[in-house]
Amino acid sequence: MVEIKERLRQALAAAAQKARQAGDLTVETLPEVVIEEPKERAHGDLATNLAMILTRLEKKNPRLVAETILRHLDLTGTFVAGADIAGPGFINFRLDPAWMGEAVRQALQAGEGYGRSAVGEGQRVLVEFVSANPTGPLLVVQARSAALGDALCNLLDGAGFRPQREFYCNDAGNQLSKLALTMEVRLRQLLGESVELPEEAYPGEYVIDLAREVMEGKAPEIPDGKAILDQPEEIRRDRLGTYAVRRTTDEQKAVLARYGVRFDQWVSERSIRDEGWPEKVVSLLKERGHTYEAEGAVWFRSTAFGDDKDRVLVRGDGTFTYVVPDIAYHLNKFERGFDQVIDILGPDHYGYIARMRAALAALGKPAERFEVLISQWIRLVRSGEAVSSSKRAGNLFLLEDLLEDVGPDAARFFVLMRSADTHMDFDLDLAKLQSQENPVFYVQYAHARIASILRQPEAEPLKGDLTAANFSLLTDPSEQELIRHLATFPEVVAGAALAREPHRVARYATDLAAFFHGFYTRCRVLTDDQALSQARLALAEATRLTLHNALAVLGVSAPERM
RNA sequence: GCGCCCGUAGCUCAGCUGGAUAGAGCGUUUGACUACGAAUCAAAAGGUCACAGGUUCGAAUCCUGUCGGGCGCGCCA
């Protein structure tokens, strides 16, 4: 389909050129020609609004312009059989039926590679996502950002980019101090001391479990859970905090793996600090003259780069504010040579974007290559009412709970169906009780149905070389609709990758499944007519492949049986 | 107060960067299994695209304003 559009685009450009030479048109440079599939089948297979765009420049009636273009249009070699003018001035095209077979053949030949394209030109893209603090288990909100980041990387890969998945672990600074403090207090409580949990500590039960492990001597790094408390504060806090971070991170990795998300790289804030990146950031900003001192602190003049206020980098006591390691980490990303850097963040980190851009620009990095996708909240709904989920109240809904309830396939498909920037409701009752109604089953069922057809004994002798089938026998409207939709898959993948919108693929898969079910109901695949059966089997197999590939992008399984 | 996201069918959401009669799922109503999987299909009902202006051949989409919901705006991270 991409190829056909490209050829048609060239033919149209040539026609405009000829029209100009003949004095029928006056435009020097042709505007970008948009060719799309009309929603209404009655409007042909492809349509362009070229004439209506030219109307403004030519100051002529759009239908007249369309006629002029058609008069000079040469369609040989374009797979387009005919064209006519409709509505306000659309030019509608009918495709040569031979093209249909070509589309199916291409899908079959490409196999698991069907849908891939090269629009990304091998650019390296770093995608950072989830990056939850190592202070507790992953929550249900991460279900969205984890699936989003992972699917985006699949998409980028399919579109010819080279993505890398990265998780940033805040295992230093205040986060760590608080966690270490909590560990110590919990450990003391377990050992019978009467200590209150301080206000700034983490209230979750989870830390108690970790403290118990230490007490019972199950932590390899801390052989004696009681003796650790006799160590100086600096040492005991460090040991307890480090242990808690390691255990938490391991748990997070395990849950993510169950969810089908695997990171290429885990970067720790501690290593960024140890390598001296924060100091480097401050000195670079100083050198470049973007800092000043006031009220005993060192400030970054971020307002000079579009931020709404200046930021403190170094406090009066000489410690860094959180922005410094964050900037340092992003500087590090750029120094690793990526063409594009994408962060997926929650809406609460919105304020982060302007200052990060400002910092990158101040450091002489191409800030326009830094992109932030906001993954909006999931609002949990149970029995028609919002479920509050706050860390402080200890009322948590965990990612692992979600996986337990609905499984990874439904969870991923459900969150990926919606665009990332809409506030979505996740109805727990519906997901749990009516999981059969979840759209993911609709798509998977189509895949399993096709697999079932292919398992039939009658299919056996036909399966040899499906690309050799006689596709001109596929004349039913449901067959043609299915083929048309099949043919757009590579464009959908490329478009979704460029727009960073994986939900388009979920939509596509649902539509494709619907077209297949419609075809299946109308047309029997395996009949007495061998040639027809083979053509239909080929179409079914091409559909199965495409469903499989689309689900693979989403990270959802494509079962042969259900 | 300033900034960002959102407002489309009873509910949850699409709408392909401005196109032709605004779509899907769930729910409601009606119909379809003696051949490949009925977890399916066919059909019906359901809309002031929050509201008001503007831009133009053409607006759910772009601009301005208003209303409503969510979230940010710390020498917390």
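All heavy atoms count here, side chains included; hydrogens, waters and symmetry mates do not. In what follows, chains are A, B, ... by sequence order, proteins preceding strands, each numbered from 1.
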#### Entry: Nucleotide nearest A/A448 (side chain, heavy atoms from C-beta), chosen from B/G37, B/A20, B/G23
B/G37
### Query
What stems involve RNA chain B, if each pair must be Watson-Crick or G-U and both of its distances must be under 3.5 Å, with 3 or more such pairs in a row?
B:1-7 with B:67-73, B:10-13 with B:23-26, B:28-32 with B:40-44, B:50-54 with B:62-66
### Message
Strictly below 4.0 Å: does A/T321 bring a side-chain N or O up to OP1 or OP2 of B/G74?
### Response
no
### Query
Any luck finding a side-chain donor-acceptor pair between A/Y322 and A/Q175 under 3.5 Å?
no
### Task
Residues of residues 516-544 of chain A with any non-hydrogen atom less than 4.0 angstrom from an atom of RNA chain B: list those, numerically ordered, please.
A/H517, A/Y520, A/T521, A/C523, A/R524, A/V525, A/L526
### Task
Examine A/F516 together with A/F519 and report whether their ring centres are nearer than 6.0 Å.
yes
### Message
Considering every strand and a 4.0 Å limit on heavy-atom distances, what is the contact class for A/N174: base, sugar-phosphate, or nothing?
### Response
sugar-phosphate
### Message
If the cut-off is 4.0 Å, is A/Q456 near the phosphate of B/A35, judged by side-chain N/O to OP1 or OP2?
### Response
no
### Message
Considering every strand and a 4.0 Å limit on heavy-atom distances, what is the contact class for A/A47: base, sugar-phosphate, or nothing?
### Response
base
### Query
Is a side-chain donor-acceptor pair under 3.5 Å present for A/R301 with A/H290?
no
### Message
Measuring only the P atom in each nucleotide, how far is B/C63 from B/U55? A whole number of Å is fine.
### Response
15 Å
### Task
Would you indicate, yes or no, if B/C76 has its OP1 or OP2 atom less than 4.0 angstrom from a side-chain nitrogen or oxygen of A/K178?
no
### Message
Heavy atoms from C-beta onward define the side chain here; which of B/G37, B/A77, B/C75 lies closest to that of A/H349?
### Response
B/A77
### Query
Between B/A38 and A/R449, is there an OP1 or OP2 to side-chain N/O distance shorter than 4.0 Å?
yes
### Task
Using a heavy-atom cut-off of under 4.0 Å over every strand shown, decide if A/R63 touches base, sugar-phosphate, or nothing.
nothing
### Task
For A/T319, report the nucleic acid contact type (base, sugar-phosphate, nothing); a contact means any heavy atom under 4.0 Å.
nothing
### Task
Could you tell me whether A/H503 contacts a base, only the sugar-phosphate backbone, or nothing, with contacts defined as non-hydrogen atoms closer than 4.0 Å?
sugar-phosphate
### Task
Answer yes if the ring centres of A/F167 and A/F129 are under 6.0 angstrom apart, and no otherwise.
no
### Query
Within the structure shown, what part of the strands sits under 4.0 Å from A/A496 by heavy-atom distance: base, sugar-phosphate, or nothing?
nothing
### Query
OP1 or OP2 of B/A77 less than 4.0 angstrom from a side-chain nitrogen or oxygen of A/Y168, does that happen here?
no
### Task
Mind checking A/E295 for me? I need base, sugar-phosphate or nothing, with any heavy atom below 4.0 Å counting as a touch.
base
### Query
Which part of the nucleic acid, if any, lies within contact of A/G316, taking any heavy atom under 4.0 Å across all strands shown: a base, the sugar-phosphate backbone alone, or nothing?
base
### Query
Is a side-chain donor or acceptor of A/E541 paired with a backbone partner of A/R536 at a separation under 3.5 angstrom?
no
### Task
Could you check whether A/E269 gets within reach of a base, just the sugar-phosphate, or nothing at all, counting any heavy atom under 4.0 Å?
nothing
### Task
With heavy atoms under 4.0 Å as the rule, sort A/P347 into base, sugar-phosphate or nothing.
sugar-phosphate
### Query
With a 4.0 Å cut-off on heavy atoms, is A/R311 in touch with a base, just the backbone sugar-phosphate, or nothing at all?
nothing
### Summary
5' to 3', nucleotides 1-12 of chain B under a 4.0 Å protein heavy-atom cut-off (B base, S sugar-phosphate only, - none) gives --SSBS-----S
